[in-house]
Amino acid sequence: MSKSYRRFDTLAAVKDSSFATNGKAAAIPADVSKIFGENALHLNELKARLPKPIWKELKKTITDNAPLNEDVADSVAVVMKDWAVERGATHYTHWFQPLTGQTAEKHDSFITPNQGGGAVAEFSGKELIQGEPDASSFPSGGLRPTFEARGYTAWDPTSPAFIVENDNGTVLCIPTAFASWTGEALDNKTPLLRSVEAVSQQGVKALKMFGFDNVKRVVSTTGFEQEYFLIDQEFFYRRPDLVVSNRTLVGAKPPKGQDLEDHYFGSIPDRILAYMMEAEKELYRLGVPVKTRHNEVAPSQFEIAPIFETCNIAADHQQLTMITLKRIARKYGLVCLLHEKPFAGVNGSGKHTNWSLATSNGMNLLEPGDDPHSNMVFLYFCTAAIKAVHKNQDLLRIAIASAGNDHRLGANEAPPAIISIFLGEQLEDIYKQIQNGGAKSSKKGGLLGLGSPVLPHLPMHAGDRNRTSPFAFTGNKFEFRAVGSAQSVSFPVTVLNTIMAEALAEMNSQMESALKKGQDIETALAAVLKSTMKDCDKIIFSGDGYSDDWQKEAKKRGLLNLRTTMDALHLLNSKKNVDLFETYKVLTKRELDARLEILYDIYFKTINIEGETTENLAQTMIIPAAVRYINELAAVVERGKSIGLKVDGTQTVIKKVNDGLNKLVKSLEKLIAANLDLGGDEIEQKAHHMHKNVIPAMNEVRNAADELERLVADDFWPLPTYRDMLFVK
């Protein structure tokens with residue numbers, strides 16, 4: 001019998017696996033500061049190269065939002081071009097973030113022909129400031145019909161340009177916003193920058209009431225924790241579901257997953273560590289301040305995290321991090337999977353997004369200090385955050401809604417879909433004091449003795465952490481734990497900034513009214529905090545967010561439980577949310593409506609691709625494998641009987657496999673019918689059809705296929721298994 005159909009040999013797939021520089025990581029200089037930011041055009045470099053008057057004007061634009069004039073743009077363009085050419089650049093691109101959630105670029109050469117038949121490298125202020133990609137070819141939600149193509153990219157001077165290197169040259173990348181010919185935002189950067197301005201205005205206004213008259217701006221700061229999986233590229237290319245949808249659409253859970261809890265923070269394998277080191281080196285050179293690396297909970301899962309930056313730069317760096325992780329992985333014979341749930345039955349991946357507010361001169365407004373009960377600024381801004389989250393649970397859920405994240409939210413590695421806030425024991429106690437008449441004290445942490453004289457006494461925090469909380473206070477910031485690993489952080493942070501601006505504005509108004517009546521600042525603050533918490537304290541929860549009891553308790557409290565993307569999306573353009581975004585000039589109703597349509601469209605297309613891929617896998621790979629195995633077993637039965645052997649065991653196996661095959665074929669018929677019916681003409685109808693009909697049909701096919709995987713001989717099974725992908729390093 002021909003063996004040509006049989007599954008590849010796992011050992012053969014990886015035995016020749018080699019990685020860059022013969023298995024050794026590219027050397028990183030001992031002094032990382034020597035390479036840090038060398039491929040990014042930071043402010044210090046601009047300052048050194050620009051004439052002083054030009055630098056002063058540019059700095060006003062960056063720090064004070066002053067309009068950019070053409071003379072400044074021309075000077076910056078010359079400096080930017082010279083700096084890039086020195087590093088081997090022949091082309092430049094306006095690097096932007098369309099509503100795909102990823103980045104986009106179109107490369108243009110610096111070379112301009114001259115009259116003598118030669119060429120010179122030129123780059124003008126006009127080319128720096130404005131580009132013109134085809135706006136109709138990106139998701140626009142109807143803002144740009146196909147026949148109306150004009151759109152513009154606009155230079156963002158607040159985010160540094162950078163160099164991307166290739167073996168054959170380099171490219172200057174200029175971070176830009178992307179808007180339609182009519183001026184409407186077609187990207188994630190534009191509303192993010194608008195939200196930065198909104199929260200700054202209200203934050204400065206609040207600080208002036210507390211006597212901080214010298215604060216010119218309040219900035220939103222962000223740090224992200226990127227989780228990801230690494231698998232051998234041999235396995236990736238042999239899995240059509242991974243290639244097309246970035247997650248396994250079939251696959252039985254292996255006997256060992258993360259059960260022994262031996263992977264988390266474990267020793268990093270040499271090949272993986274080499275990869276991490278090279279990826280970090282590239283990120284350092286781009287100016288991304290990478291801080292940590294470690295094994296995550298699931299086998300073959302890892303994490304990288306930088307320190308805090310202003311949210312706009314952090315959002316750009318987050319995109320660069322994802323790009324770099326994927327690009328460098330290929331050099332090591334690996335593929336980096338950023339999907340929220342590439343493997344069923346083990347932990348998925350998130351992107352915990354740490355968020356705070358600070359003044360332009362470095363004061364963290366969410367730093368509680370040693371005595372948070374008497375820290376008026378901290379209490380004011382922390383209370384505003386609580387108010388913002390309570391009022392806008394729907395928006396925060398929508399901000400992290402996607403088909404991929406639906407697999408993860410509420411599971412044992414991710415917070416539930418119910419939005420709540422964890423404050424910790426110390427702050428909860430302070431807020432109870434406030435509601436009962438006034439905060440008089442703060443619980444202290446003390447020291448933690450470990451029972452051995454050789455071990456130090458550790459400072460013990462005044463409160464524990466809660467990994468089940470979607471929005472947790474973690475010392476001097478809030479951690480939005482529900483953001484998905486494949487997502488851009490731009491929209492979640494845009495939402496956080498905007499709802500914080502609204503909460504501050506409402507509290508500012510209350511404070512101003514009280515102060516005008518002659519109340520002193522402390523009396524006015526106490527009243528505002530008490531009245532705010534009376535309405536909002538139901539959003540605070542410190543227990544187990546995974547428990548059934550919390551589901552019941554949250555319902556009693558009146559909290560939203562938007563379990564899936566399709567439960568949440570329709571709320572995006574509610575009157576409350578339209579009014580919010582328009583009031584603070586972050587998104588117009590048309591821009592919001594467009595984003596809703598795009599979110600429906602992405603959801604529909606994602607599930608549609610997964611459904612058709614599942615159908616294809618079952619039809620062309622799994623069913624044939626089962627039939628061939630049955631055929632081989634049947635041959636054994638026939639030959640065994642012919643020589644007088646008892647073949648009861650083989651017949652039992654045949655029956656089990658055949659029953660499983662029948663179950664798969666029956667479930668596949670349902671999926672085929674669901675795939676053929678798109679659910680209607682409107683994109684919302686199609687998305688609902690995917691959620692209501694296609695996903696359940698896919699799950700039935702998966703269950704049947706996974707049963708067969710446990711029955712069919714390993715060398716007949718056509719796909720790399722979880723055992724292969726998760727444990728072969």
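In the model, Glu479 has a side-chain atom that pairs as donor or acceptor with a side-chain atom of His352 under 3.5 Å. Checking Asn188 against Ser490 by side-chain atom types alone, no donor-acceptor pair falls below 3.5 Å. Checking Lys534 against Ser531 by side-chain atom types alone, no donor-acceptor pair falls below 3.5 Å. Judged by distance alone, the side chains of Asp537 and Gln435 do bring a donor and an acceptor atom under 3.5 Å apart. Checking Ser349 against Gln301 by side-chain atom types alone, a donor-acceptor pair falls below 3.5 Å. Defined by atom type and a distance below 3.5 Å, a donor-acceptor pair is present between the side-chain atoms of Asp567 and Thr564. Of the N and O atoms on the side chains of Glu197 and Gln201, at least one donor lies less than 3.5 Å from an acceptor on the other residue. Inspection of the His373 and Gln433 side chains reveals no N or O donor paired with an N or O acceptor under 3.5 Å. Residues Asn392 and Lys576 have side chains that bring a donor and an acceptor to within less than 3.5 angstrom of each other. Side-chain contact of Arg408 with Asn405: a donor-acceptor pair under 3.5 Å is present, judged by distance alone.
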Start with the C-alpha gap between Asn364 and Phe308, add the side-chain angles, then the distance that decides, and say whether side chain to side chain contact (heavy atoms under 4.5 Å, CB included) holds.
CA-CA 11 Å; Asn364 185 347; Phe308 267 58; over 6 Å; no
Evaluate Tyr600 against Met566 for side chain to side chain contact (heavy atoms under 4.5 Å, CB included), listing each step before the verdict.
CA-CA 8 Å; Tyr600 278 131; Met566 295 310 296; 3.5 Å; yes
Applying side chain to side chain contact (heavy atoms under 4.5 Å, CB included), run through His317 and Thr222 and close with a yes or a no.
CA-CA 11 Å; His317 282 172; Thr222 303; over 6 Å; no
Could you walk me through whether Ile398 and Val495 pass side chain to side chain contact (heavy atoms under 4.5 Å, CB included), step by step?
CA-CA 10 Å; Ile398 292 165; Val495 169; over 6 Å; no
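Put simply, the side chain of Asn436 gets close to the backbone of Lys432: a donor and an acceptor are under 3.5 Å apart. In this structure, Arg702 contributes its side chain and Thr248 its backbone to a donor-acceptor pair below 3.5 Å. Judged by distance alone, the side chain of Arg247 and the main-chain N or O of Ala344 form no donor-acceptor pair under 3.5 Å. Side-chain atoms of Glu367 come within 3.5 Å of backbone N or O of Gly369 as a donor-acceptor pair. Put simply, the side chain of Tyr603 never gets that close to the backbone of Met690: no donor and acceptor are under 3.5 Å apart. No side-chain donor-acceptor contact under 3.5 Å links Thr190 to the backbone of Asp187. Lys585 places no side-chain N or O within 3.5 Å of a backbone atom of Glu582 that could act as its donor or acceptor partner.
Summarising the geometry, atom CZ belonging to Arg194 is positioned 13.5 Å from atom NZ belonging to Lys189; distances are rounded to the nearest 0.5 Å. Between Arg217 atom CZ and Leu207 atom CG the span is 13.0 Å, to the nearest 0.5 Å.
At most 12 non-hydrogen atoms from other residues, nucleotides or ligands lie less than 6.0 angstrom from NZ of Lys692. Crowding of Glu522 atom CD: a count of heavy atoms from other residues, nucleotides or ligands under 6.0 Å not exceeding 12. Heavy atoms from other residues, nucleotides or ligands lying under 6.0 Å from CG of Asp520 number more than 12. Atom CD of Glu512 is surrounded by more than 12 heavy atoms from other residues, nucleotides or ligands within 6.0 Å.
Considering only residues two or more places apart in sequence or on other chains, Asn375 meets the side-chain contact (heavy atoms from CB on, under 4.5 Å) condition with Val377, Phe378. Every side-chain contact (heavy atoms from CB on, under 4.5 Å) that Ile598 has, sequence neighbours left out, goes to Leu99, Pro139, Ile602.
The aromatic rings of Phe473 and Phe478 sit perpendicular, their planes meeting at an angle over 60°, well past the 30° parallel limit. The aromatic rings of Phe343 and Tyr722 lie perpendicular to each other, with more than 60° between the two planes, well past the 30° mark. Classification of the Phe491-Phe581 ring pair by plane angle, with boundaries at 30° and 60°, yields parallel.
Between Leu338 and the options Lys351, Glu227, Gln226, Gln487, a side-chain contact (heavy atoms from CB on, under 4.5 Å) holds for only Gln226.
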